[in-house]
Amino acid sequence: MARDFSPEPNAEEPAGELVSRTLRPGFRPHLVKRSPYFHLMFSPGQWEATEMPDHGWTWLPKLKKLPLTPGVNGVRGGHPHADGSLAIAGAQQRGMLIIPDDYQGGFVMRHMTATGYTHLHKSERLVRVGPRSEVRGDSVAWNQFRYDLVQDGIIPPPTAEELDLLMDRQRRRLERNQKAVHIPAVAARVELDTAKLQGMANAAEELLS
Amino acid sequence: MAVITNSTLVGDLRLAAALSRSIFELLYDRAALRTSTAVSYLGSVNQTGSAVMRVRQYGVGGYTAFTAVGEGVDVANTNPIISHADCTISRGALRYDMGDLAMVTMPGEGMDPTRIAEKMVAGFDQWLNELITTAAAGLGTDVSPGSGVDLDLDSFFDAIYVLEIANNSAPFHSILAPVQVSDLQQSLRGAAGTVSFMPATAELVSARGQGYCGSLLGVDIWKSDSVPTANAGADREGSMVAGGCLGWAAGIPVPPMSGDFTTYGDVPLLVEFQRDSSACVTEIVGNAYSGACIVEDARGVSITSDA
């Protein structure tokens, strides 16, 4: 699969509430491990209910990274780039859906660190927190990206059976904890889990209606 | 009368600092997942003719149950289910260069080429940990308390249920990021009923290797800071597996004809001392060939929780 290693467009400024200082132009952050190019993949049936600012409770697909790390799940070492063709085929054989690399004009960003390049999703940023550099994600942007994948038909929406299974798991979690609501920490969790279950049910109803 | 003080002598008759006899290692994650029971060793590709170790899988015997057949009726032929998992080997290496003058001025024992060569094993283990944990993050089924939510006991239970429902047999093994382990312990404090957590003792760590944290609900827990991030950096993606879910394979480097090398009995690693005479430098180079893979997806789940 073709990959574009040309310099990425200038990253947006990181969110102010997350960091003490923004990344200086040309600064090579230390303490961030380099990471290889990656594909994103979706395993059928793997959904999670998330509350989005614009859409309320919504079912979003759980995405996994398929990093082109030589030696992992069939990725072969190569020069100058690792060869992930066998790894992709292996993942597809296990039922994974590979998100096209060029979706939304590409979503993998390359950043320079002290030890080499690190590849991040476009919703992630390298930020300085005190003396350290860290990777921080923008959860709103990440959720929107996952939402768009379903809206654009890249990932087919979940079936009623898949959602039932996930809501059953949430119900079991509630039932386990409802026996111990006299413990304040458990009571707080039960309250959150109850709201989440209601949100899951509402989102499922809206999706399947 | 002038007093002879230490400070006046520093630089001529006294040293500014005396080097202690002991040398301390900086902190790093000492876990070695290759020694854990969570991962199976698939063998070496040496002299196999390929850099890919193919794990053969077949579903016969109990995979397909007998069916009731009437008296005198031919029983239909059953096609056995066959499959495979490929573990691709790649190269990992580490090199340090040491100048002669640095060795000449070394006071007693210290950071010398022999010591560096001994420590190469830990570097290899860190690399292999990364391969194993990255492979595990590719498991198809995921349990999670929700993105950005701390790992809790309920999700740990969910992981056990998913494995049990899929016909897996205990014992199960879990590989978690340090933050996931501490979140899980925090969740235990608010747990109702009887939940048994058996923390690792010195004897257990000695028997099961560095990184072993203890056992919760019969699941052995290993901690590794190589567990990758997920969900745009918000989470860590650990795993819980049954035996036969994850595997690693190796290619054992062949020692060269020269005598300047070190091998290790239980680690597929070759460390060589290469002399660059024109630069008066000794290169200490470690080379290894390894790979990790998911052997059977149904035997494991990933556990995603707040990073």
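Just so we're clear, the structure is a prediction, and the values are computed from it rather than from any experiment. Residue numbers start from 1 in every chain, and the chains themselves are labelled A, B, ... in the order their sequence lines are given, proteins ahead of strands.
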Geometric cation-pi criterion, B:Arg56 with B:Tyr58: 6.0 Å, 45°: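 Judged by the rule, B:Arg56 and B:Tyr58 form no cation-pi pair.
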Under the 6.0 Å and 45° cation-pi test, does A:Arg110 pair with A:Tyr117? yes
Best-contacting candidate, B:Thr141, B:Ile132, B:Leu139, B:Asn231, against chain A by heavy atom pairs under 4.5 angstrom: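 Between B:Thr141, B:Ile132, B:Leu139, B:Asn231, the count favours B:Asn231.
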Count the heavy-atom pairs under 4.5 Å between each of B:Gly138, B:Cys87, B:Gly92 and chain A, then report the option with the highest count.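 Top count of heavy-atom pairs under 4.5 Å with chain A: B:Gly138.
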Decide, yes or no, whether a salt bridge links B:Asp158 with A:Arg176 under the criterion of side-chain N to carboxylate O below 4.0 Å. yes
Would A:Arg146 and A:Glu48 pass as an ion pair if we require N to O under 4.0 Å? yes
Contacting moiety of [X], where chain A heavy atoms sit under 4.5 Å:
X: B:Tyr289; value: neither
X: B:Pro228; value: neither
X: B:Val143; value: both
X: B:Ser83; value: neither
X: B:Ala135; value: both
X: B:Ser290; value: backbone
X: B:Asp297; value: side chain

Just by modelled atom types, is the [Y] backbone N or O under 3.5 Å from a matching donor or acceptor in the [X] side chain?
X: B:Asn129; Y: B:Ser226; answer: no
X: B:Ser144; Y: B:Gly146; answer: yes
X: A:Asn177; Y: A:Val186; answer: no
X: A:Asn73; Y: B:Ile294; answer: yes

For B:Asp125, the option from B:Arg30, B:Lys119, B:Arg34 that meets salt bridge (Lys or Arg N to Asp or Glu O under 4.0 Å): B:Arg34
Picking from [options], which has the most non-hydrogen pairs under 4.5 angstrom with chain B?
options: A:Trp142, A:Phe145, A:Phe42; result: A:Trp142
options: A:Arg189, A:Met41, A:His121; result: A:Arg189
options: A:Ser43, A:Gly95, A:Ser35; result: A:Ser43
options: A:Gly45, A:Ala141, A:Ala49, A:Pro70; result: A:Pro70
options: A:Lys122, A:Arg172, A:Lys65, A:Gln170; result: A:Arg172

Examine whether an atom of A:Ser139 lies under 4.5 Å from a heavy atom of chain B, and if so say whether it belongs to the side chain, the backbone or both; otherwise answer neither.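 Neither part, no heavy atoms under 4.5 Å.
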So, the part of A:Lys196 with a heavy atom under 4.5 Å from chain B: the answer is side chain
Under 30°, 30 to 60°, or over 60°: which ring-plane class applies to B:Trp222 and B:His173, parallel, tilted or perpendicular? tilted
